[in-house]
A.B. asks: 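This is the structure I have questions about; it appears just below.
All of these numbers come straight from a predicted model, not from anything done at the bench.
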Amino acid sequence: MDPVTLTTDRLRMRAAGPADAEAVYAAAQDPATQRWISSFPSPYLREHADAFIGVVARGWADDSEYHFGLFLPDGALAGVLGVMRRGPGAAEVGFWAAREHRGRGYVTEAVLAAARWAFTELSVDRLEWRAEVGNLPSRAVAERVGFTMEGTLRAAVEHRGIRRDSWVGSLLPSDLGLVPAAPYLAAPAPAVTT
């Protein structure tokens, strides 16, 4: 698939390219980002940013994952968001914000736009969010977008050689007023006995 650009009221979401590697590298120096993103090397070197740019290009090319840089009107990188396919009709969203742009709602805005895009253009019927237990800012974004918190997965994340628990939540097209690609039959509510 060719990379697409999504726009929101305040963001231009596009595939990060070689010209963006320095901005990715600079933003990835934040210790809080390195603490919570299990796929981030620490220390995060310039070559890691270049490798990430390669992942972005390959993901779009093989239609498996779709990474967006979140750019402000002045061109500044506010964060990164990825939608990764996890199976037929299922995908996972991951994101992080540059330290100087946190707390302004940019990532929430981007996750909502990416979810709508995944539901309408990729035929995704279930979008998952996962974060290591304790990553309260990530959970707050997911809850603001409307993800249903489904529980805690034990030892679901490996972070620097240590297995850690992970929260998991889901968002369905109907949560955003959209029609799913495939019908959904929810489990019946448990019978109430008196």
A.B. asks: If you measure from CE on M1 to CD on E121, what distance do you get to the nearest 0.5 Å?
C.D. replies: 7.5 Å
A.B. asks: How far apart are the closest heavy atoms of P173 and V124, and which atoms are they?
C.D. replies: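 P173 and V124 have their closest heavy atoms at CG-O, 3.9 Å.
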A.B. asks: Between V83 and A91, what is the shortest heavy-atom contact and its length?
C.D. replies: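 Closest approach of V83 to A91: CG1-CB, 3.9 Å.
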A.B. asks: Run L72 and R104 through side-chain contact (heavy atoms from CB on, under 4.5 Å) and show every step you take.
C.D. replies: CA-CA 12 Å; L72 300 175; R104 298 179 185 171; 5.6 Å; no
A.B. asks: Using every non-hydrogen atom in the two residues, find where V56 and A15 come nearest and quote the distance to one decimal.
C.D. replies: CG1-CB, 3.8 Å
A.B. asks: Using the test ring-ring contact (aromatic ring centres under 6.0 Å, His included), find all partners of F40 that sit at least two apart in sequence or belong to another chain.
C.D. replies: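 F40: ring-ring contact (aromatic ring centres under 6.0 Å, His included) contacts with Y44, W96.
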A.B. asks: Can you check whether L81 reaches V107 side chain to side chain, under 4.5 Å on heavy atoms?
C.D. replies: no
A.B. asks: Looking at D74, I'd like to know if its CG atom is crowded, meaning that more than 12 non-hydrogen atoms belonging to other residues, nucleotides or ligands lie closer than 6.0 Å.
C.D. replies: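 More than 12 heavy atoms, drawn from other residues, nucleotides or ligands, come within 6.0 Å of this atom.
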A.B. asks: Are L172 and V93 connected into the same hydrophobic cluster when the rule is that any two of I, L, V, M, F, W, Y join if their side-chain heavy atoms are below 4.5 Å apart?
C.D. replies: no
A.B. asks: For R35, check salt bridge (charged side-chain N to carboxylate O under 4.0 Å, His left out) against everything at least two apart and list the hits.
C.D. replies: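 Checked R35 against salt bridge (charged side-chain N to carboxylate O under 4.0 Å, His left out); matches are E132.
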A.B. asks: Stepwise, does the side-chain contact (heavy atoms from CB on, under 4.5 Å) test hold for W60 with V4?
C.D. replies: CA-CA 9 Å; W60 282 98; V4 301; 3.6 Å; yes
A.B. asks: Please output the side-chain donor-acceptor pairs of residues 148-157 that fall under 3.5 Å, not counting sequence neighbours, one pair per line with the distance.
C.D. replies:
residue, atom, partner, partner atom, Å
E150, OE1, R126, NH2, 2.7
E150, OE2, R126, NH1, 3.2
E150, OE2, S170, OG, 2.7

A.B. asks: With sequence neighbours excluded, what pairs up with H67 under the ring-ring contact (aromatic ring centres under 6.0 Å, His included) test?
C.D. replies: F52
A.B. asks: With sequence neighbours left out, write down each residue that passes salt bridge (charged side-chain N to carboxylate O under 4.0 Å, His left out) with R144, or none if nothing qualifies.
C.D. replies: none
A.B. asks: Under the side chain to side chain donor-acceptor pair (under 3.5 Å) rule, collect the residues that match up with N135, sequence neighbours excluded.
C.D. replies: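 If we apply the side chain to side chain donor-acceptor pair (under 3.5 Å) test to N135, skipping adjacent residues, there are no hits.
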A.B. asks: Is R46 salt-bridged to E22, cutoff N-O under 4.0 Å?
C.D. replies: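 Answer for the salt bridge query: yes.
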A.B. asks: Applying side chain to side chain donor-acceptor pair (under 3.5 Å), can you list everything that pairs with W129, at least two apart in sequence or on another chain?
C.D. replies: S138
A.B. asks: Among residues at least two apart in sequence or on other chains, which ones pass ring-ring contact (aromatic ring centres under 6.0 Å, His included) with W36?
C.D. replies: none
A.B. asks: Where do A115 and L171 come nearest, in terms of heavy atoms and distance?
C.D. replies: CB-CD2, 3.7 Å
A.B. asks: Please enumerate all residues that pass side chain to side chain donor-acceptor pair (under 3.5 Å) together with T8, with sequence neighbours excluded.
C.D. replies: E109
A.B. asks: Applying side-chain hydrogen bond (donor to acceptor under 3.5 Å, both in side chains) as the test, list every pair that has at least one member in residues 175-190; sequence neighbours left out.
C.D. replies: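 side-chain hydrogen bond (donor to acceptor under 3.5 Å, both in side chains) check on residues 175-190 returns no pairs.
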A.B. asks: Taking the side chain as every heavy atom from C-beta outward, state whether V141 and F147 have any atom pair closer than 4.5 Å.
C.D. replies: no
A.B. asks: In Å and rounded to the nearest 0.5 Å, what is the NE2 to OG distance from H48 to S42?
C.D. replies: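 One gets 9.5 Å once the value is rounded to the nearest 0.5 Å.
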A.B. asks: Rounded to the nearest 0.5 Å, how far apart are OG1 of T5 and CZ of R12?
C.D. replies: 5.0 Å
A.B. asks: Quick one: pull up CZ in F95 and CD1 in I37 and give me the separation to the nearest 0.5 Å.
C.D. replies: 8.5 Å
A.B. asks: Where is the tightest heavy-atom contact between G94 and M84, given as atom of each residue plus distance?
C.D. replies: N-CE, 3.9 Å
A.B. asks: Quick one: side-chain hydrogen bond (donor to acceptor under 3.5 Å, both in side chains) pairs with a partner in residues 76-95, sequence neighbours left out?
C.D. replies: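 Listed by first then second residue: Y66-R85, R86-E92.
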A.B. asks: Just so I know, are the side chains of Y106 and L70 near enough to count as touching, which here means a heavy-atom distance under 4.5 Å?
C.D. replies: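 They are not in side-chain contact.
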A.B. asks: Looking at every heavy atom in both P73 and R10, which two are closest together, and how far apart are they?
C.D. replies: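 Closest heavy-atom pair between P73 and R10: CD-O, 3.4 Å.
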A.B. asks: Tell me if the aromatic rings of F68 and W117 count as close, with their centers under 6.0 Å from one another.
C.D. replies: yes
A.B. asks: Same cluster or not: V80 versus V55, using hydrophobic residues (I, L, V, M, F, W, Y) connected whenever any side-chain heavy atoms lie under 4.5 Å apart?
C.D. replies: no
A.B. asks: Can you list everything that forms a ring-ring contact (aromatic ring centres under 6.0 Å, His included) with F119? Sequence neighbours excluded, please.
C.D. replies: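 Residues passing ring-ring contact (aromatic ring centres under 6.0 Å, His included) with F119: none at all.
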A.B. asks: Do the side chains of R14 and D20 get nearer than 4.5 Å, heavy atoms only?
C.D. replies: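 Side chain of D20 against side chain of R14, heavy atoms only: contact under 4.5 Å found.
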A.B. asks: Return yes if some donor-acceptor pair links the side-chain N/O of D125 with the main-chain N/O of A181 below 3.5 Å, else return no.
C.D. replies: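 Confirmed, D125 side chain pairs with A181 backbone.
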A.B. asks: Test side-chain contact (heavy atoms from CB on, under 4.5 Å) on R116 and L6 and set out the steps.
C.D. replies: CA-CA 10 Å; R116 289 183 182 281; L6 305 177; over 6 Å; no
